[in-house]
Amino acid sequence: MRRIDHFIAGKQVTSGSGRVTPVFDPATGKQTAEVGLASTDEVDLAIATAKEAFASWRHTSLSRRTEVMFGFRQILDARRSELAAAISAEHGKVLGDAAGEVARGLDNVEFACGIASQLKGGYTEQASTGIDVYSVRQPLGVVVGITPFNFPVMVPLWMLAGAIACGNSFVLKPSEKDPSPSLLLAEMLAEAGLPDGVFNVVQGDKVAVDRLLEHPDVAAASFVGSTPVARHVYERGTSFGKRVQALGGAKNHMVVLPDADLDAAADAAVSAAYGSAGERCMAVSVVVAVGTSADPLVTAIAERLPSLAIGPATDPASEMGPLISRQQRDRVVGYLEDVEQEGGRIVVDGRAHELSSSVDADGFFVGASLVDGVRPGMRVYDDEIFGPVLSVVRCETYDEALALVNANPYGNGAAIFTRDGGAARRFQVEVECGMVGVNVPIPVPVAYYSFGGWKSSLFGDAHMYGPSGVDFYTRTKVLTTRWPRALTSDVDLSFPTAR
Ligand code: NAD
């Protein structure tokens, strides 16, 4: 059985913890590898290595750090398809989708190539007589990233590109469900000239995460995953004095007003709900159909579903792949079993979807489902399903739709589809969530903005990557300096004022 282990101090390290967990190809349902789960000693080794490497990396010139990022960018670009294939093999998403993930991760590396302009401080000459004041940004030290299964390349790149370019060293704890791409990233960073120990990977589970969050030599933790774990990571990390940003789950609503182009809205809803089998934190999982839009919109979405090609990434015709695990597939099916008792109406039943002929019967596949008549209080609405199930909630008015979105405990993304600029503007002002799309269903910000939800979708106050990432991975030092010509001075106990 192929083994997947840690990457510490520039080389692969086999876990000696005696604990392993299987890694599957979701398209066949077969185990393809086992991953070693770190002991606390192995986590400590990775942190000690990162701490030692930080001592020289933080003094490495900005131009050299930039050069390493440019080199990494070139390698990532040249090896996109290899990374995409590694993602598909353990996550299951189709190759086009995996390539899109790599491309969005690459954007973050390109942002980090311009880190010099982001790290500039401020300078005030003559703040007081003969006194100049200036500020600099310094790296934090050892920072850690804990990442989810659904973006095994993009989310680590959200974190590590900015963190390393800012001069920190990094320990990544990827998802144990698709751990291999993390080692490819480590290999590429080494090839780009990153000194050993600046980037390390520990494979593992809660044992590793909890140790990373309590270790005295860890300065900050970035987390992306489900809301209960995000809350735990935030509370544990901050209780040990760390700076923490913890991004959680989502329930993203797409409001469709009656004046919208309903065909375009249906295309957008299908793309955003079922792409990556719904396993995206910015997937649309609820369509809020306002007034007369509802019947034609439900019909238009339903018409599009039977022709979706559902199959393995190895089949170039596949548009949607399997779910990550057998348990997750069964969980999704469970929602469909219960929903009609709760008052919903299954318009399209993914259990009956005709899968492509290339599908392995043991793979974790389920078709795309559409459920109408959904309301808050139903499990299908209240839970983050993280699968190919789209709910439709019908509202009479814009105000009712807005109230529904704002009452939801999650606040990652929301979208409005309309031709009315005034209504769209009202929505962008009034909606309570971190990322808003206007006629755009998955408003994932470009790399030079930052990514973050509100409410139960993010714990902490820093959004991820882009300018907020630079703020998160640096701390400011303000210097007040005087270089008197003549060394004359006297004692003065009054409070200094800037005169
Ligand atoms: P998860 O919370 O199960 O796991 C995330 C990470 O936490 C993994 O590395 C895992 O090993 C670790 N972990 C799991 N349980 C833990 C525990 N009890 N204690 C400590 N660590 C633990 O999430 P997942 O299933 O891998 O990913 C899907 C979730 O991630 C969804 O909820 C999705 O919405 C969310 N997500 C959010 C964003 C965002 O930007 N807000 C992006 C991607 C995914």
Side-chain angles (χ1 to χ4, degrees), residues 19 21 23 26 35-38 40 43 90-93 101 104-105 108 144-159 171-179 181-182 201-214 221-237 244-252 275-285 323-325 327-328 331-332 383-387 408-414 433-435 442-445 450-460 462-466 468-469:
R19 297 189 309 126
T21 194
V23 177
V35 58
L37 302 174
T40 54
V43 173
E90 291 178 359
H91 177 284
K93 65 177 76 173
E101 168 177 354
R104 291 306 294 261
N108 291 94
V144 306
I146 301 150
T147 54
F149 80 83
N150 66 325
F151 287 111
V153 166
M154 184 185 77
V155 171
L157 289 175
W158 280 1
M159 302 171 180
V171 179
L172 173 66
K173 206 303 283 171
S175 169
E176 61 275 43
K177 297 189 176 108
D178 46 11
S182 64
V201 180
V202 286
Q203 309 291 356
D205 55 5
K206 181 174 169 57
V207 172
V209 171
D210 286 353
R211 181 60 185 155
L212 287 167
L213 295 171
E214 71 181 24
S222 300
F223 172 88
V224 175
S226 60
T227 288
V229 184
R231 187 178 281 117
H232 163 73
V233 165
Y234 185 74
E235 287 172 356
R236 185 173 175 86
V244 182
Q245 51 178 183
L247 278 58
K251 196 80 186 178
N252 304 310
S276 202
E279 291 175 325
R280 291 183 185 140
C281 57
M282 290 292 274
V284 166
S285 49
L323 291 166
I324 185 68
S325 64
Q327 294 86 323
Q328 174 60 356
R331 193 176 150 264
V332 169
D383 294 358
E384 182 188 37
I385 299 175
F386 224 53
N408 195 278
Y410 296 105
N412 222 33
C433 77
M435 295 167 284
I442 307 187
V444 175
S450 299
F451 183 109
W454 290 8
K455 302 191 273 186
S456 293
S457 295
L458 186 147
F459 300 90
H463 285 200
M464 204 162 274
Y465 70 71
S468 300

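Order of appearance sets the numbers: ligands from 1, and atoms from 1 within every ligand. Small disclaimer: the values here were computed from a predicted structure and weren't measured.
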For [atom], what is the nearest protein heavy atom, given as residue, atom name and distance?
atom	answer
atom 27 (O) of ligand 1	Pro148 CB, 3.3 Å
atom 40 (O) of ligand 1	Phe451 CE2, 2.9 Å
atom 7 (O) of ligand 1	Phe223 CE1, 3.3 Å
atom 8 (C) of ligand 1	Thr147 O, 3.3 Å
atom 26 (O) of ligand 1	Phe149 N, 3.0 Å
atom 28 (C) of ligand 1	Phe386 CE2, 3.5 Å

Side chain, backbone, both or neither: which part of [X] has a heavy atom under 4.0 Å from ligand 1?
X	result
Tyr410	neither
Val155	neither
Glu384	side chain
Glu176	side chain

For [X], atoms of ligand 1 separated by under 4.0 Å from a heavy atom:
X	result
Asn150	43 (C), 44 (C)
Val209	20 (C), 21 (N)
Trp158	40 (O)
Asn412	41 (N)

Measure from atom 30 (O) of ligand 1 to the protein's non-hydrogen atoms and state whether any distance is below 4.0 Å.
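Answer yes: something from the protein, a heavy atom, is under 4.0 Å.
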Measure the shortest side-chain to side-chain distance between [X] and [Y] over non-hydrogen atoms and say whether it is less than 4.5 angstrom.
X	Y	value
Asp205	Thr21	no
Glu384	Ser285	no
Met435	Val444	no
Arg236	Val209	no
Glu90	Phe149	no
Pro26	His91	no
Val202	Val171	yes

Nearest neighbour of [atom] from the list [options], on a heavy-atom basis:
atom	options	answer
atom 3 (O) of ligand 1	Ser226, Gly225, Ser325	Ser226
atom 18 (N) of ligand 1	Lys206, Lys173, Met282	Lys206
atom 5 (C) of ligand 1	Val224, Ile146, Val229	Val224
atom 38 (C) of ligand 1	Cys281, Gly249, Ala230, Ala246	Cys281

Minimum heavy-atom separation for Gly452 to Leu458, with atom names?
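Reported closest heavy-atom pair: CA-CD1, 3.8 Å.
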Heavy atoms only: give me the nearest Leu157-Asn108 pair and the separation to one decimal.
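Looking at all heavy atoms of both residues, the closest pair is O-CB, 3.8 Å.
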Would the distance check show the side chain of Lys173 and the main-chain N or O of Val144 forming a donor-acceptor pair, the cut-off being under 3.5 Å?
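Checking the backbone N and O of Val144 against the side chain of Lys173, no donor-acceptor pair under 3.5 Å is found.
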Is Arg104 paired with Glu101 through a side-chain N to carboxylate O contact shorter than 4.0 Å?
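Looking at Glu101 and Arg104, the cut-off is not met.
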Please confirm whether Gly248 comes under 4.0 Å of ligand 1, counting heavy atoms of the residue only.
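It does, in that a heavy atom of Gly248 comes within the 4.0 Å cut-off of ligand 1.
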